[in-house]
Trainee: 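Following this message is one structure expressed as structure tokens.
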Amino acid sequence: DISIETSGISLDSVLSFNGKLIKVSKFSGSYYLSEFSASGDIDITQASSPKVNLTGELLIELKDLKRPLNKFKEQLEMINPSGKVKAQFNLSGSINDLKNCNAKVRLSGDSISLYGLRGKDLFLNYTQADGIANVVSMRLSLYGGSVNAFFRANLRSKDYPYLFQANIQ
């Protein structure tokens, strides 16, 4: 069991080891106003390229993105994100090669703001397998209208060929 708490950050975890397999029974905490939890397995048979099979949830206060992503400070100040987004995820594969991992992510948010535009009822369903990123569906209500979209990209290709389609009402 590991517990850490510092200014704005807390972490609780329960890990067990069986040879080169780490069982993550609990990995949860907070980062300022955001929260996270995950569980699953980490295979360190190849220590330089660990493989994960993790399931978890995030509750992200979008303003908290400015702290760990200080490298993108100018862009984030221009985007000026605010609101809370809930994410449920499942991630499997080599953590060193995210393009080839398998992932399922569902995002939702009651009220968010980007670039000063307020949206509500965000829903996004994302999958990734065999190097293909796929936003199966995305919906956001804006000022009495809505945006519905889907997106697909080949992450393995040099030029990232993609398909994007949106329906704005």
Trainee: Let me check something: do Leu98 and Phe36 share a hydrophobic cluster, defined by ILVMFWY side-chain heavy atoms less than 4.5 Å apart, either directly or through other members?
Mentor: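 Both belong to a single hydrophobic cluster.
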Trainee: Do you know which of Asn96, Leu91, Leu155, Ile95 makes side chain to side chain contact (heavy atoms under 4.5 Å, CB included) with Cys101?
Mentor: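 That would be Leu91.
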Trainee: Do Val85 and Leu62 touch side chain to side chain, with heavy atoms closer than 4.5 Å?
Mentor: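 Sidechains of Leu62 and Val85: in contact.
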Trainee: Answer yes if Phe27 and Ile44 sit in the same cluster of Ile, Leu, Val, Met, Phe, Trp and Tyr residues linked by side chain heavy atoms under 4.5 Å apart, and no otherwise.
Mentor: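 Per the 4.5 Å side-chain linkage, Phe27 and Ile44 are co-clustered.
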Trainee: Can any side-chain N or O of Asp64 pair as donor or acceptor with the backbone N or O of Tyr32 at less than 3.5 Å?
Mentor: no
Trainee: Side chains of Leu122 and Met138: closer than 4.5 Å at any heavy-atom pair?
Mentor: yes
Trainee: Going only through I, L, V, M, F, W and Y residues with side-chain contacts under 4.5 Å, is there a path from Leu65 to Phe72?
Mentor: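 Yes, Leu65 connects to Phe72 through the hydrophobic network.
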Trainee: Would you check if the side chain of Glu57 reaches a backbone N or O of Lys86 as a donor-acceptor pair within less than 3.5 Å?
Mentor: no
Trainee: Take Leu58 and Phe89, measure what side chain to side chain contact (heavy atoms under 4.5 Å, CB included) needs, and give me the verdict at the end.
Mentor: CA-CA 8 Å; Leu58 306 167; Phe89 70 89; 4.2 Å; yes
Trainee: Please test Leu140 against Leu142 for side chain to side chain contact (heavy atoms under 4.5 Å, CB included), starting from the C-alpha separation and ending with a verdict.
Mentor: CA-CA 6 Å; Leu140 179 65; Leu142 291 165; 4.1 Å; yes
Trainee: Check the surroundings of atom CD in Glu74: do more than 12 heavy atoms from other residues, nucleotides or ligands lie under 6.0 Å from it?
Mentor: no
Trainee: Do side-chain atoms of Tyr143 reach the backbone of Arg118 as a donor and acceptor pair under 3.5 angstrom?
Mentor: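 Flag set: sc Tyr143 to bb Arg118 pair under 3.5 Å.
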Trainee: Does Asp110 CG have over 12 foreign heavy atoms under 6.0 Å away?
Mentor: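 Not more than 12 within 6.0 Å, no.
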Trainee: What I'd like to find out is whether the side chain of Ile132 reaches to under 4.5 Å of the side chain of Arg152, using heavy atoms alone.
Mentor: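 Contact flag for Ile132/Arg152 side chains = yes.
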Trainee: With a sphere of 6.0 Å drawn around NZ of Lys51, does it hold more than 12 non-hydrogen atoms of other residues, nucleotides or ligands?
Mentor: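 Atom NZ in Lys51 is not crowded, with 12 or fewer foreign heavy atoms closer than 6.0 Å.
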Trainee: Within the side chain of Asn100, is there an N or O that forms a donor-acceptor pair under 3.5 Å with the backbone of Gly93?
Mentor: no
Trainee: Are there more than 12 heavy atoms of other residues, nucleotides or ligands under 6.0 Å from atom CG of Asn167?
Mentor: yes
Trainee: Test: salt bridge (Lys or Arg N to Asp or Glu O under 4.0 Å). Region: residues 24-47. Which pairs qualify, not counting sequence neighbours?
Mentor: Lys23-Asp41
